[in-house]
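Reckoned from all heavy atoms, side chains included, excluding hydrogens, waters and symmetry mates. Atoms within each ligand, like the ligands themselves, are counted from 1 in listed order.
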Amino acid sequence: MAVILAVANQKGGVGKTTTAINLGAALAERGRRVLLVDSDPQANLTAALGLPKEAPSTYELLLGDVAAIDLIRSAAGAALPDAVLREGIHGEEPVLDIIPAAPELAGAEIELVSLSERHGRLTAALAMVAPVYDYVFIDCPPSLGLLTLNALAGADGVVAPVQCEYLALEGLSQLLETLRRVREAVNPRLRRLFLLMTMYDARTGLAQSVVEEVRRHFPQIILPTIVPRTVRLGEAPSYGQSVLRYDPSGRGAAAYRALVTELDARIVQETEGTRQPHPTQEMPPVLPVPPRERVTAGAAS
Ligand code: ADP
Ligand code: MG
């Protein structure tokens with residue numbers, strides 16, 4: 001059964017889409033079967049893998065007009081290095097699939113309100129296809145509206161990219177509170193949370209103090225590997241490729257490969273029962289101290 005992870009943070013431009021694509025590609029590269037679901041009306045994930053932003057899309061999926069199986073496209077050619085595509089994984093075709101989004105998906109935020117089961121529609125729609133995969137990543141829009149709630153209502157966990165910048169932690173307590181509420185009211189399976197630090201620029205003291213701050217507050221849930229800010233990671237989408245394909249030996253690809261090793265190991269350990277997720281530690285109800293002042297203070301010293 002697939003592990004379903006929502007890639008969420010209500011801040012825009014923090015690296016959600018980049019993370020969904022490259023975690024997915026890195027897992028597919030090591031033989032995991034992966035489905036990426038683009039659930040952002042901006043359809044950046046769809047475009048970044050070279051697919052057209054057109055109907056039918058996640059919009060029809062949510063409204064129940066088209067079945068998931070009819071929406072799935074392969075993204076392996078756009079996302080995986082040639083050698084992986086050629087040789088496959090253990091002789092098998094690597095699997096990296098996508099359900100694309102389109103701008104009309106913006107209407108779903110409003111139209112879903114009047115529908116039954118408005119939080120559970122994505123879960124229901126993916127139920128038939130999810131068991132075929134090892135991982136499903138849902139790329140969320142920069143809001144905590146109904147599209148994100150649909151992703152959370154069906155997910156086993158959340159990967160929240162956090163930018164190594166000023167005000168990085170702003171909004172994180174609201175995200176954590178939303179996760180806690182969804183877990184209590186709708187989806188008790190929503191137990192895993194991974195903070196993934198991204199766009200790290202080693203030349204700035206600010207980036208370092210942001211990382212230290214997040215490590216101090218969330219030692220259990222921060223993933224050890226930090227994604228650097230690299231030109232290649234920014235360029236890859238304009239070529240319709242993951243960074244694993246665009247720059248397979250670069251620092252960006254290396255970071256995402258290391259992250260999936262960490263992610264995969266934690267999830268496999270938990271599934272096998274050698275490591276227990278600690279819900280209360282992993283998902284603190286609120287941030288202990290308003291992080292904004294502390295990060296600023298840390299950066300100034
Ligand atoms: P979100 O989905 O949260 O809005 P994106 O993944 O689209 O964020 O990233 C925002 C922008 O930053 C995009 O142009 C993307 O290519 C770029 N970007 C993301 N991660 C990095 C990185 N580590 N280094 C450089 N540019 C990045
Ligand atoms: Mg995005």
Looking only at distances, please establish whether an N/O atom of ligand 1 is found under 3.5 Å from an N/O atom of [X].
X      : result
Arg229 : no
Val227 : no
Asn44  : no

Closest approach of any protein heavy atom to [atom], naming residue and atom:
atom                    : value
atom 13 (C) of ligand 1 : Thr18 OG1, 4.7 Å
atom 21 (C) of ligand 1 : Met199 CG, 3.7 Å
atom 25 (C) of ligand 1 : Thr230 O, 3.0 Å
atom 8 (O) of ligand 1  : Gly15 N, 3.0 Å
atom 10 (C) of ligand 1 : Gly13 CA, 3.8 Å
atom 16 (O) of ligand 1 : Gly234 CA, 3.5 Å

Looking only at atom types and distance, does a side-chain atom of [X] sit under 3.5 Å from a main-chain N or O of [Y], one as donor and one as acceptor?
X      : Y      : value
Glu60  : Ser57  : yes
Glu109 : Leu146 : yes
Asp201 : Arg229 : no
Asp134 : Arg33  : yes
Asp264 : Leu27  : no

With heavy atoms of [X] as the reference, note each atom of ligand 1 found under 4.0 Å away.
X      : value
Leu233 : 16 (O), 22 (C), 23 (N), 24 (N)
Val14  : 1 (P), 3 (O), 8 (O)
Thr198 : 23 (N)

**Study point:** Tyr133 and Arg32: CA distance, side-chain angles, deciding distance, side-chain contact (heavy atoms from CB on, under 4.5 Å) verdict
**Key:** CA-CA 8 Å; Tyr133 297 94; Arg32 303 287 178 184; over 6 Å; no

Practice item. Have a look at ligand 1 and work out which part of Thr17, if any, has a heavy atom under 4.0 Å from it: side chain, backbone, both or neither. Key: both

Exercise for review: Look at Gln42 and state whether any of its N, O or S atoms is less than 2.8 Å from the Mg ion (ligand 2).
Suggested key: no

Exercise for review: Ignoring hydrogens and angles, state whether a donor on the side chain of Asp38 or Thr46 is under 3.5 Å from an acceptor on the partner side chain.
Suggested key: yes

Practice item. Could you tell me whether the side chains of Tyr256 and Thr19 share a donor-acceptor contact shorter than 3.5 Å? Key: yes

Review point. Would you call Pro228 a ligand 1 contact, heavy-atom distance under 4.0 Å?
Key: yes

Check your understanding: Taking the side chain as C-beta and beyond, is there a heavy-atom pair between Ser116 and Arg121 under 4.5 Å?
Key -> yes

Check your understanding: Does CD in Glu117 sit with more than 12 non-hydrogen atoms of other residues, nucleotides or ligands closer than 6.0 Å?
Key -> no

